[in-house]
K.L.:
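Submitted below is the structure of interest, expressed as C-alpha cells.
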There are 2 protein chains.
Amino acid sequence: MTDSAQPPRERRRTVQKEAVRRALVQSPGFVSATALHRRLQQQGSRVGLATVYRQLTVLAETGLADTVTAPEGQLYRACAPTHGHHHHLICEDCGRAVEIAPPSEEWIEEAARRHGYTLTRHVVEVFGRCAECGAERA
Amino acid sequence: MTDSAQPPRERRRTVQKEAVRRALVQSPGFVSATALHRRLQQQGSRVGLATVYRQLTVLAETGLADTVTAPEGQLYRACAPTHGHHHHLICEDCGRAVEIAPPSEEWIEEAARRHGYTLTRHVVEVFGRCAECGAERA
DNA sequence: CTTTTTGCAAAACATTTGCATGTAA
DNA sequence: TTACATGCAAATGTTTTGCAAAAAG
C-alpha cells in the first residue's frame with residue numbers, strides 16, 4: 001500500500017453496531033463471527049451476518065477487539081483499547097481465554113534482526129483445555 | 001492422552017503420496033494446499049486436490065510437515081521428522097520462513113499450569129518482511 | 001481378494017461483495 | 001437530503017466428504 005490517506009471513515013452510531021459490541025463483550029472467550037451471530041439471534045437482535053463480520057473487522061481495526069486466527073476461522077474477543085496486544089491461553093473446548101504474558105519478547109526482535117527481517121506482527125497462541133473442560137474430558 | 005489404541009492406519013505407498021511430499025519439499029516457505037496442488041499440476045502430476053489435502057493432513061500428523069494457520073488458510077512446510085515442533089519467522093511477502101528458537105518455552109507450561117489448563121499445542125508465529133523483500137519495499 | 005487410496009463432484013463452512021433499501025446526521 | 005450502514009443473497013475460497021473405481025499388498 002502506498003500510504004494513500006484513506007478518507008477517515010465516518011462512524012455512524014447504529015443499533016446493530018452496539019448489539020455486536022455488547023454481544024462480544026458478553027462472550028467469555030474468543031468467539032467466531034458466526035457464533036456471535038448465532039448468539040445475537042438468540043437474544044432477539046436481528047443483525048445480519050454480514051454486518052457482524054463488518055463490525056468485527058472494524059472493532060479489530062480500531063483495537064477494540066483482539067483477534068486470533070484459528071483453524072476454524074477468525075476469532076474475536078472484546079478488549080480494552082488501552083491494552084495493546086497480548087497473548088492468550090485458549091481452551092479448545094469452551095473458548096475461554098486467559099491472558100498470559102511472556103517473560104520477554106526481546107528474543108523475537110532479536111531473531112528478526114539477526115535474520116534481517118522487519119517485524120510486522122507476531123502471534124503467540126497457546127491452546128489447551130481449561131480445568132473445567134479438562135475434568136469432564138471423555 | 002488416553003492412549004486409546006487407534007487402529008494403526010495402514011499406510012500404503014502411492015505415487016501421489018510421494019508426489020505431494022516431493023512438491024512440499026521443493027517449496028521454499030510455507031505453502032497452502034491449493035498452491036501445492038497448482039504446483040503439482042504444472043509439474044504434470046495429476047493429483048487430485050482432495051488427495052493433496054488428505055496427504056498434507058497425514059504429513060502434519062506424522063510430524064513430517066509443519067503447519068501454521070494463516071488467515072488465508074492452513075499452510076504447510078516440509079520438516080524433518082526428528083525436529084519436533086519449532087517456530088518460525090515468516091516473510092509476509094515471499095513466504096520464506098526461518099526457524100527460530102525461543103530461549104525457553106517453560107513459561108508456557110508454567111502459565112498453563114497456573115491457570116489449570118492442560119496443554120495441547122501452542123503456536124508462535126512471527127511475521128515480517130525479509131531483507132530481500134524489505135529492500136524493494138514500495 | 002480385501003482394504004486403502006484416489007478422483008471427482010457435491011457439500012459444508014467461513015468470509016466477502018453487490019446492490020437496493022433503510023437511516024443517522 | 002445525503003452519505004454511510006444494513007440485509008440479503010449471490011459469489012468466493014477453503015477444506016471436507018460420499019462414493020465408485022483404481023491400486024496396493
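Here is how names work: the chains are called A, B, and so on, in the same order as the sequence lines, proteins then strands, and each is numbered from 1.
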K.L.:
Ignoring hydrogens and geometry, is there a side-chain-to-backbone donor-acceptor pair from B/Thr67 to B/Leu75 under 3.5 Å?
P.N.:
yes

K.L.:
Answer yes or no: does a side-chain N or O of A/Thr34 lie under 4.0 Å from OP1 or OP2 of C/dC13?
P.N.:
no

K.L.:
Whole angstrom is fine here: how far is it from CD in A/Glu61 over to P in C/dT16?
P.N.:
11 Å

K.L.:
What pair of heavy atoms forms the shortest contact from B/Ala65 to B/Leu24, and how long is it?
P.N.:
CB-CD2, 3.9 Å

K.L.:
Would you say D/dT15 has OP1 or OP2 under 4.0 Å from some side-chain N or O of B/Tyr53?
P.N.:
yes

K.L.:
Taking the side chain of B/Ala50 as heavy atoms from C-beta outward, which of C/dC8, D/dT14, D/dG7 is closest to it?
P.N.:
C/dC8

K.L.:
If you go through the side-chain atoms of A/Arg13, does one of them form a donor-acceptor pair with the base of C/dA25 closer than 3.5 Å?
P.N.:
no

K.L.:
Please report the distance, rounded to the nearest Å, between CZ in A/Arg21 and C1' in D/dT6.
P.N.:
20 Å

K.L.:
Atom CZ of B/Arg46 to atom C1' of C/dC8: distance rounded to whole Å?
P.N.:
14 Å

K.L.:
Given 3.5 Å as the limit, does a donor-acceptor pair link the side chain of B/Thr51 with the main chain of B/Val47, or not?
P.N.:
no

K.L.:
Base, sugar-phosphate, or nothing: which does A/Arg54 touch, judged by heavy atoms less than 4.0 Å apart?
P.N.:
base

K.L.:
For A/Val47, report the nucleic acid contact type (base, sugar-phosphate, nothing); a contact means any heavy atom under 4.0 Å.
P.N.:
sugar-phosphate

K.L.:
Quick one: A/His37 NE2 to D/dT6 P, roughly how many Å, whole number?
P.N.:
13 Å

K.L.:
Once you round it to whole Å, what is the distance between P of C/dT15 and CG of A/Leu49?
P.N.:
9 Å

K.L.:
Hey, is B/Arg22 close enough to B/Glu18 for a salt bridge, meaning N to O under 4.0 Å?
P.N.:
no

K.L.:
Nearest of C/dA14, D/dT15, D/dG7 to any side-chain atom of A/Gln16?
P.N.:
D/dG7

K.L.:
Take atom CD of B/Glu18 and atom P of C/dT6, then tell me their distance rounded to the nearest Å.
P.N.:
11 Å

K.L.:
From CG of B/Leu56 over to C1' of C/dT6, roughly how many Å is that when rounded to an integer?
P.N.:
16 Å

K.L.:
Distance check: side-chain N/O of A/Gln55 vs OP1/OP2 of D/dA5, anything under 4.0 Å?
P.N.:
no

K.L.:
Which of these nucleotides, D/dT6, D/dT15, D/dA24, is closest to any side-chain atom of B/Ala33?
P.N.:
D/dT15

K.L.:
Quick one: does B/Lys17's side chain have a donor or acceptor within less than 3.5 Å of a partner on B/Gln55's backbone?
P.N.:
no

K.L.:
Look at B/Thr51 and C/dG7 and indicate whether a side-chain polar atom (N or O) is within less than 4.0 Å of OP1 or OP2.
P.N.:
yes

K.L.:
Closest-nucleotide mapping onto DNA chain D: is B/Thr57 or B/Val15 further toward the 5' terminus? I mean the 5' end.
P.N.:
B/Thr57

K.L.:
Whole-Å distance between C/dG22 C1' and A/Lys17 NZ?
P.N.:
14 Å

